[in-house]
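The structure appears below as C-alpha cells.
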Amino acid sequence: MIEIKNLTKKFGDIIALDNVSFEVNDGEIVGFLGPNGAGKSTTMNILTGYLSSTLGSATVDGLDILEHPNEAKKMIGFLPEQPPLYLDMTVEEYLNFIYDLKDCKLDRKKHLEEICEVVKIKDVYGRLIRNLSKGYKQRIGIAQALVGNPKVIIFDEPTVGLDPKQIVEIRNLIRTLGKNHTVILSTHILPEVQSVCDRIVIIANGKIVANEKTENISSLMDGIGRLQAQICGDTESVLSAIRKVSGVRVAQFVGKREAGSSLYLIEGEAGVDIRKPLFAALSKENYALIGLESAGASLEDVFLSLVSSKDKEKKSKKSSD
Ligand code: ADP
Ligand code: MG
C-alpha cells in the first residue's frame, strides 16, 4: 500500500533522513517509533506531499507522491503534529470547508455525520473550535483526516499534550480506525505502539534500526528493562545487595514504603533477565522481596537490546560461515 524507498532528506548540513526504506501493507497498523529529532515528522511530511525529499521516493498504492500528487494525496488522511485547525470556525464550518478543499464527492451531509459519529464530536458540532478542549481539538484534527474516506490514515504524535483519559480515548479511536484503514502511527511513546500496532518500524538519527512484528519486539523486551521492587530492610544494605547481583546495571532508591520496606528501581543489562538472581540474592541475605513488577521498558532499552541482538546475529553468522 505504501512504499518508502531510499528516502534521504537534507536541511542544509543536517541529514534528517538517511536512506530510509520501509513498506506498509494494506490494512496494517504500523507504528513509526523514534526519539525526538529522529526524522519521523520529516518522513510523514514527505509521504503526505507536504515536503519534498532530497533523494528517494514515496508511493501510495503504486502512485508516486511527487508524480501524481493529487491522486496520491486523495488516498491519505493526515493528522500532522500541529493539526491545521481554523480556530475561528465552528466544527461544522471547518469540516465543510475541508470537504470543499478536498473536493469530496461523497454525500456531504451523510459523510460528515458519519465522521462525527466515529470520532464522537456530534455534541460540539456547532461550537467554535477555539473554545474546545485539547482532546476535542485533536478529534477534530482526526475528523478532517477522515474527510473523503481515505484508505490510509497517518497520525503524527497524536497524543502529545493530552491528559491520560484523552490519551486512552484517542488510542481506542486509532484502533477502531485501524479495522478498516491502513494506519501509520508516528510517535516517540513506546507503550503507544505496543498497544496499538501490528508492526513497529524504529527510526533513530534518520536511519531505520528495526522493522519487526510487534510480538517479536515485545518478546525481545521480555525480561529486560526496568523493575520496581519493594524490599524490606535497611536501604543502604539492600542497595548494595542488589548491586552485587550479576546483570544489574543500575539500582536506585525510590522511596520508603510501609512496614520498613522501600521501593527501588532496578535496571538490568540489555537482554538479561535479573529477576531470579535478584530474588535469590535477596533471600540469601534475608531481605524480604514483597513486590516486584516491570517498570516498563524504555525506548533506550529497546534500542540497546535490538542492537545487541543484531550484534549476536552477526557474530553467530560469522562463526557459522
Ligand atoms: P521527529 O519528528 O522524529 O521528532 P523531525 O523529522 O521533526 O524529527 O526532525 C528530524 C531532524 O531534522 C531534526 O534534527 C530536526 O532538527 C531537523 N529538521 C526538521 N525540520 C527541519 C527544518 N525545516 N529545517 C532544518 N532542520 C529541520
Ligand atoms: Mg515529529
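Just so it is clear, the model here is predicted, and its values are computed rather than measured. Numbering of ligands and ligand atoms starts at 1, following listing order.
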Determine, for [X] against [Y], whether the closest basic-nitrogen to carboxylate-oxygen distance falls under 4.0 angstrom.
| X | Y | answer |
| --- | --- | --- |
| K105 | D103 | yes |
| D273 | R275 | yes |
| E169 | R139 | yes |

Close-contact set for ligand 1 against [X] heavy atoms, below 4.0 Å:
| X | answer |
| --- | --- |
| A38 | 1 (P), 3 (O), 8 (O) |
| A16 | 11 (C), 12 (O) |
| P35 | 3 (O) |

**OP:** Of the side chain and backbone of S186, name the one, both, or neither that has a heavy atom under 4.0 Å from an atom of ligand 1.
**Re:**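 S186 to ligand 1: no contact under 4.0 Å from either part.
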
For ligand 1, is there an N or O atom under 3.5 Å from any N or O atom of [X]?
| X | answer |
| --- | --- |
| E81 | no |
| G37 | yes |
| S41 | yes |
| I14 | no |
| N36 | no |

Original post:
With a 4.5 Å limit on heavy-atom distance, are the side chains of H188 and V160 in contact?
Top reply: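 A side-chain contact exists here, since the closest heavy-atom pair is under 4.5 Å.
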
Original post:
Within a strict 4.5 Å, meaning less than it, do heavy atoms of the I266 and V245 side chains meet?
Top reply: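 Not in contact.
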
**OP:** Mind checking the NZ-NZ spacing from K244 to K284? Nearest 0.5 Å is all I need.
**Re:**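 It is 9.0 Å, given to the nearest 0.5 Å.
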
Original post:
Which value, rounded to the nearest 0.5 Å, describes the distance between S21 atom OG and L7 atom CG?
Top reply: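 It comes to 7.0 Å.
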
Original post:
Would atom 13 (C) of ligand 1 count as contacted, meaning some protein heavy atom under 4.0 Å?
Top reply: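 Answer yes: something from the protein, a heavy atom, is under 4.0 Å.
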
Subject >> Sub-4.0 Å protein heavy atom near atom 24 (N) of ligand 1 >> reply: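 Yes, at least one protein heavy atom sits under 4.0 Å from atom 24 (N) of ligand 1.
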
Original post:
Is there an N/O/S atom in S186 at a distance below 2.8 Å from the Mg ion (ligand 2)?
Top reply: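 Given the 2.8 Å cut-off, S186 does not count as a ligand of the Mg ion (ligand 2).
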
Nearest-contact summary for [atom] - protein heavy atom, Å:
| atom | result |
| --- | --- |
| atom 27 (C) of ligand 1 | F11 CD1, 3.3 Å |
| atom 8 (O) of ligand 1 | G39 N, 3.2 Å |
| atom 9 (O) of ligand 1 | T42 OG1, 3.8 Å |

Original post:
When the ring planes of Y50 and F78 are compared, do they come out parallel, tilted or perpendicular, using 30° and 60° as the limits?
Top reply: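 Judged by the thresholds at 30° and 60°, the geometry between Y50 and F78 is perpendicular.
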
Original post:
Does ligand 1 have an atom under 4.0 Å from some heavy atom of G206?
Top reply: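 Distance cut 4.0 Å: G206 fails for ligand 1.
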
Subject >> Exercise: identify the closest heavy-atom pair between K74 and P150 >> reply: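 Answer, listing the atom of K74 first, then P150: O-CB, 3.8 Å.
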
**OP:** Please check if atom CZ in F97 has more than 12 non-hydrogen atoms from other residues, nucleotides or ligands closer than 6.0 Å.
**Re:**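 Count over threshold, so yes.
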
